[in-house]
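What follows is one structure encoded as structure tokens, with my remarks underneath.
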There are 2 protein chains.
Amino acid sequence: MSVQGRKQRERAERERLIVATARELAEQQSWDAVTTRRLAERIEYSQPVLYSHFRGKREIIGAVALEGAAELAAALRTAASTADGLRAQVGALAHAYLDFAERNPAVYDAMFQLDGGLAFAREDDTPEPLKDAFAALRETLGEVAGDGVHPGLFTELFWASLHGLATLTRAGRLPREHAEQRVELLVTRLAVL
Amino acid sequence: MSVQGRKQRERAERERLIVATARELAEQQSWDAVTTRRLAERIEYSQPVLYSHFRGKREIIGAVALEGAAELAAALRTAASTADGLRAQVGALAHAYLDFAERNPAVYDAMFQLDGGLAFAREDDTPEPLKDAFAALRETLGEVAGDGVHPGLFTELFWASLHGLATLTRAGRLPREHAEQRVELLVTRLAVL
DNA sequence: CTCGATTGTCTAGCGGCGCTAGAATCGGAT
DNA sequence: ATCCGATTCTAGCGCCGCTAGACAATCGAG
């Protein structure tokens, strides 16, 4: 009865291959270059095979986004736990966030710029990895929200600021030159230490 | 000799029509709905006419973006000049910015999310309206940067925060519910009053 | 062991996209 | 009235996301 099992494993493996290949192609060239034809060619299957795993291109982007969210959450927790003292922790958290966006631009786009068909904001059906990445931010930032300020709300604001810095920098709207100073200013001003 | 003049005017008029129609269609439906075919049909010319005014779709988006930048700059200046006191001015500025993004989502996308082929960051060839919108922010925000903080850098950070709030809210990533409180918190914490 | 049914994969094609070459038409100057 | 240059259009290229239907491989029942 292990025949079915083997098939299932092979199928799951192929799904991982699709997601990994899409991500790779997006990082190498851009999401525009990730067409169903090229993706199919790279995994050495025909186009329709993609549609037996995902409803369409959106869902593939969504899968990359979820993978990215899990990695981001882990990176944030590592950064926060490595630093000593509140101030350093918040700084490390912010840097880790911006580093992630800078080093994985395509994944970051999949998460926050493209339509990956992922639900949000409605508490219930937001995918777990995304909630967890937010939770990772909140664990540290909740400590510096200040008296009488809701930790969740404070985290949302801090996150939005990071997101703005990340996207505007990457789009060439903000010179990379003083990126460091902007982060420092953000941490100093927003966090109550 | 006014024949040439009339033709030039008609041509300029048609160009305005193209930009206005693209903007309208984008706001009504979405930028995805703005295809060269549909756009051509709405202005009652054939597709290639669009290419006698713009290099391609990107440039049309860029034209909408520039129009939007000029409007945003004006809205920001009006807001700042209407309020009394530094604190109120900064608050009004922030609200005006977010209102603009909320009320003109397609235009905002043209400016900051889509590729309109506009240069940035390199001081020299950034289009005038964009520099001016940034200048409008700086005029007010420069007053509250705080001692020893470069006004331009402070403005960049404040702008990035607003941009983050605008995009994440519009994408449904942040609940609209406490939007007001987030802005208040941003103003209170970032600005040195 | 055979043979129909089920499952999996592929070929081929649909409608729509941005963009362009070359035909057709128009309008002012001679 | 006729020509010629500018303007506009028709038609079509190569690509996109997606899917119907043909075909092959695999499995379970007789």
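Proteins come first, then strands; the chains are lettered A, B, ... in the order of their sequence lines, and each starts at number 1. If you're wondering where the values come from, they're calculated on a predicted model, not measured in any experiment.
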What is the separation between atom [atom1] on [X] and atom [atom2] on [N], rounded to the nearest whole Å?
| X | N | atom1 | atom2 | answer |
| --- | --- | --- | --- | --- |
| B:Arg11 | D:dA6 | CZ | C1' | 11 Å |
| B:Leu50 | C:dT20 | CG | P | 12 Å |
| B:Glu10 | C:dC26 | CD | C1' | 13 Å |
| B:Ile60 | C:dC17 | CD1 | P | 14 Å |
| A:Ile18 | C:dT9 | CD1 | C1' | 13 Å |
| A:Trp31 | D:dC16 | CH2 | P | 15 Å |
| A:Asp115 | D:dG17 | CG | C1' | 14 Å |
| B:Tyr51 | C:dC17 | OH | P | 11 Å |

Sugar-phosphate only, base, or nothing, as touched by A:Ser46 at under 4.0 Å among non-hydrogen atoms: base
Sugar-phosphate only, base, or nothing, as touched by B:Arg14 at under 4.0 Å among non-hydrogen atoms: sugar-phosphate
With the threshold set at 4.0 Å, does a side-chain nitrogen-carboxylate oxygen contact exist between [X] and [Y]?
| X | Y | value |
| --- | --- | --- |
| B:Glu184 | B:Arg87 | yes |
| A:Arg170 | A:Glu102 | no |
| B:Lys131 | B:Asp125 | no |
| A:Glu13 | A:Arg16 | yes |

Closest approach to the side chain of [X], judged atom by atom: which nucleotide of [options] is it?
| X | options | value |
| --- | --- | --- |
| A:Lys57 | C:dC17, C:dT20, D:dC18 | D:dC18 |
| A:Tyr45 | D:dG17, C:dT11, C:dT9 | C:dT9 |
| A:Gln47 | C:dT9, D:dT8, D:dC18 | D:dC18 |

Presence of B:Thr36 side-chain N/O under 4.0 Å of C:dG18 phosphate oxygens OP1/OP2: yes
Contact under 4.0 Å: B:Arg38 side-chain N or O vs C:dC17 OP1/OP2: yes
Any N/O donor-acceptor pair, B:Arg37 side-chain to C:dG16 base, under 3.5 Å: no
Aromatic ring pairing B:Phe158/B:Phe154, orientation class (parallel under 30°, perpendicular over 60°, tilted between): tilted
